[in-house]
Amino acid sequence: MKRIVVGLSGGVDSSVAAYLLKQQGHDLVALFMVNWHERVGNITSACTWEEDALIAKMVAKKLDIPFHIVDLSKDYKKRVVDYMFAEYQSGRTPNPDVLCNREIKFDSFLEEALKFDADLVATGHYCRKTEIKKDGKTIHQLLAGKDPNKDQSYFLCQLNQKQLSKALFPVGDLLKPEVRDIARKMNLPTAERKDSQGICFVGKVDLPTFLQQKLIPKTGNVIEVPAKFMERKKQIELTEENYSKICFPFPYKPWNGEVIGEHQGAHFYTIGQRKGLNIGGYSEPLFVIGTDVHRNIIYVGEGKKHPGLYRPGLFIATEEMHWIREDLQLKVGEKKEFDVRIRYRQPLEKAIMHQTKGGVYILFKDEQRGITSGQFAAWYSGEELIGSGVIA
RNA sequence: UGACCCGUGGUGUAAUUGGCAACACAACUGAUUUUGGUUCAGUAGAGUCCAAGUUCGAGCCUUGGCGGGUCAA
């Protein structure tokens, strides 16, 4: 029996996680965290944290677990939301939920949880944890959830050994339908609740509206780059000397194409984006293939096969590298194959990672669509998440 | 100034050469998704530049305007 704090969110997953731990006879405390009060840009008028808290409390009561609430909104604002604005401002596309896990759930929240004298902190994430011994040291492994459709290990790709040592993921061995079934059988109030989506805790917001709190709209040009132009530019051999050309965003220039419309601010767009351009009349849809916040230009290409949408590799600077498995960190000059994904719910892709002095180059076996600065690349070895980093 | 061509939903095109307007893109809504995005489904939107005429019936034919373009002087 251990003393465990379980983070109840008001959703099914964490409820079932709590139930399972209770079944195993652990000494539980439920802790609900408030991360966001404001409702600017909210789409659903209802559904604020109060409702989630109420339901979480009902779950705790049903399971006969003491229930507490902790307000981490200050931290969340400072460590997640501000980061988000700053990233968009500088033309990158952040992943707030990865940060939320690293900075809040498994840091601020973890700290609060440990004040309850807990040995471990449990969440409803779909991922698994194991440990191995190596050179007499215990190493925690973060594995994908059993349900391939719900695996959330990607969102935890920035956790470190210390954080993992305290973490517990009780639903990681279950499939989502099984979790629902358990909730139904146990009559948990969350059994039929819809899965949360959108930026965690902020909720489902209209992102442009949300961003406009901080980012000022500014009219700029939309430039269409012909597919032929990029085809020519991409005729480069994938050799080490060319890494710097193929592993970074293509430096589009205004004269690489033609002005076909206007936008309200380059920092509101991301690579691969189709909706929101407000430009019609093409036989195939237009996709954003590049943004330039300094010149305030967005570059687009016609058709989902446009060469500007694909890249064979990416780069992660050394200071942005994170190894969950510190012991597997590559040395300068070393090359190794991993399975990599560059966004949530994307099939893993074979890639060679090549560590250099300034950072690591990741060369995919097949070109990847929509590689975006600011997003996280996460590399796996089979089911195990080995490390991650911010795409340059 | 003369000749010729064109004028259809927000945009780009289509309509068996007379029978009440289709497709794509955009937009909107929903589904999927604990980031952004992607993807999927559905909805709405023009009575065809204007005026007059031929016809049972015109976006398609005729005439005159208006607007845009090409060629010739």
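- Counting only N and O atoms by type, the side chains of A/T93 and A/Q375 include no donor and acceptor under 3.5 Å apart.
- With P as the reference atom, B/rG9 and B/rC49 are 8 Å apart, rounded to whole Å.
- The nearest whole Å value for the distance from the OH atom in A/Y282 to the P atom in B/rU13 is 12 Å.
- Counting to the nearest Å, the C1' atom of B/rC25 and the CG atom of A/L286 are 8 Å from each other.
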For residues 293-302 of chain A, run the donor-acceptor check on the side chains, cut-off 3.5 Å, and write out each pair with its distance to 0.1 Å, sequence neighbours left out.
| residue | atom | partner | partner atom | Å |
| --- | --- | --- | --- | --- |
| A/N296 | OD1 | A/H263 | NE2 | 3.3 |
| A/N296 | OD1 | A/A266 | N | 2.9 |
| A/N296 | ND2 | A/K218 | O | 3.0 |
| A/N296 | ND2 | A/T219 | O | 3.3 |
| A/Y299 | OH | A/Y252 | O | 3.4 |
| A/E302 | OE2 | A/S283 | N | 3.4 |
| A/E302 | OE2 | A/S283 | OG | 3.4 |
| A/E302 | OE2 | A/E284 | N | 3.2 |

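- Taking the P atom of each, B/rU8 and B/rG68 are spaced 14 Å apart, rounded to whole Å.
- Looking at heavy-atom distances under 4.0 Å, A/G261 makes no contact with the nucleic acid at all.
- Residue-level contact check: A/L277 touches the backbone only, with heavy atoms under 4.0 Å from sugar-phosphate atoms and none from bases.
- Nucleotide B/rU38 is matched to nothing when pairs are restricted to Watson-Crick or G-U wobble geometry with both distances under 3.5 angstrom.
- Separation of the C1' atoms belonging to B/rC23 and B/rG65 is 33 Å when rounded to the nearest angstrom.
- Among the heavy atoms of the strands, none lies under 4.0 Å from A/E302.
- Between A/I260 atom CD1 and B/rG12 atom P there is a gap of 13 Å when expressed in whole angstrom units.
- For A/A317, the side chain to side chain contact (heavy atoms under 4.5 Å, CB included) partners at least two apart in sequence or on another chain are A/F315, A/E319, A/E320.
- Nucleotides B/rU32 and B/rA44 are separated by 23 Å at their C1' atoms, to the nearest Å.
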Nucleotide by nucleotide, nucleotides 38-43 of chain B touches protein heavy atoms under 4.0 Å in the pattern (B base, S sugar-phosphate only, - none) SS----
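- The nearest heavy atom of RNA chain B to A/Y344 and to A/G276 marks one nucleotide each, and the one closer to the 5' end goes with A/G276.
- The glycosidic torsion of B/rG65 lies more than 90° away from 0, which places this base in the anti conformation.
- Of the possible polar contacts, one joining the A/Q368 side chain to the A/D366 backbone as a donor-acceptor pair under 3.5 Å is found.
- Mapping A/N278 and A/N95 onto RNA chain B by nearest heavy atom places A/N278 at the nucleotide closer to the 5' end.
- Ionic pairing of A/E337 and A/K365 is not present here: no N-O contact between side-chain nitrogen and carboxylate oxygen is shorter than 4.0 angstrom.
- Distance noted for atom P between B/rC20 and B/rA58: 12 Å (whole Å).
- We find that CE of A/M84 is positioned 8 Å from P of B/rG36, with the value rounded to whole Å.
- Within the structure, ring-ring contact (aromatic ring centres under 6.0 Å, His included) contacts touching residues 125-154 of chain A (residues at least two apart or in different chains) are A/F106-A/H125.
- With 3.5 Å as the limit, one finds no donor-acceptor pair spanning the side chains of A/T123 and A/K105.
- Across every strand in view, B/rA58 sits unpaired, with no contact that passes the Watson-Crick or G-U test at under 3.5 angstrom.
- Within the 4.0 angstrom heavy-atom criterion, only backbone atoms of the sugar-phosphate kind lie near A/S283; the bases stay farther away.
- With a cut-off of 3.5 Å on both pairing distances, the Watson-Crick or G-U wobble partner of B/rC25 is B/rG10.
- Between the side chain of A/T372 and the base of B/rG36, at least one donor-acceptor pair of N or O atoms lies under 3.5 Å.
- If you take CG of A/D195 and P of B/rU35, they are 11 Å apart, rounded to a whole angstrom.
- For the pair A/H125 NE2 and B/rU35 P, the interatomic distance rounds to 11 Å; values are reported in whole Å.
- Look at CD on A/Q375: it is 11 Å from P on B/rU35, rounded to the nearest Å.
- Salt-bridge formation is detected for the pair A/E383/A/R128: a Lys NZ or Arg NE/NH1/NH2 atom is positioned less than 4.0 Å from an Asp or Glu carboxylate oxygen.
- Listed by residue number, the members of residues 143-176 of chain A with any heavy atom below 4.0 angstrom from RNA chain B are A/K150, A/F155.
- To the nearest whole angstrom, the two P atoms, one in B/rG37 and one in B/rA31, are 16 Å apart.
- Within the 4.0 angstrom heavy-atom criterion, no nucleotide atom of any strand lies near A/Y269.
- Of the candidates B/rU35, B/rU32, B/rG36, B/rU32 carries the atom nearest the A/K194 side chain, counting heavy atoms from C-beta on.
- Put simply, CD on A/E284 is 10 Å from C1' on B/rC25, counting in whole angstrom units.
- Of the nucleotides present, B/rC71 is the one that pairs with B/rG2 by Watson-Crick or G-U wobble criteria, both distances under 3.5 Å.
- Applying the side-chain hydrogen bond (donor to acceptor under 3.5 Å, both in side chains) criterion to A/R79, with sequence neighbours excluded, gives A/E103, A/D107, A/S108.
- Judged as a side-chain hydrogen bond (donor to acceptor under 3.5 Å, both in side chains), and not counting sequence neighbours, A/N160 has no contacts.
- Residues that satisfy the side-chain hydrogen bond (donor to acceptor under 3.5 Å, both in side chains) test with A/Q163, not counting sequence neighbours, are absent from this structure.
- For B/rC56 and B/rG42, the C1' atoms lie 39 Å apart once the distance is rounded to whole Å.
- Checked against side-chain hydrogen bond (donor to acceptor under 3.5 Å, both in side chains), A/Q355 has no partners two or more places apart in sequence or in another chain.
- The partner of B/rU17 is absent, by the rule that a Watson-Crick or G-U pair needs both atom distances under 3.5 Å.
- Rounded to whole Å, the separation between the C1' atoms of B/rC66 and B/rG19 comes to 29 Å.
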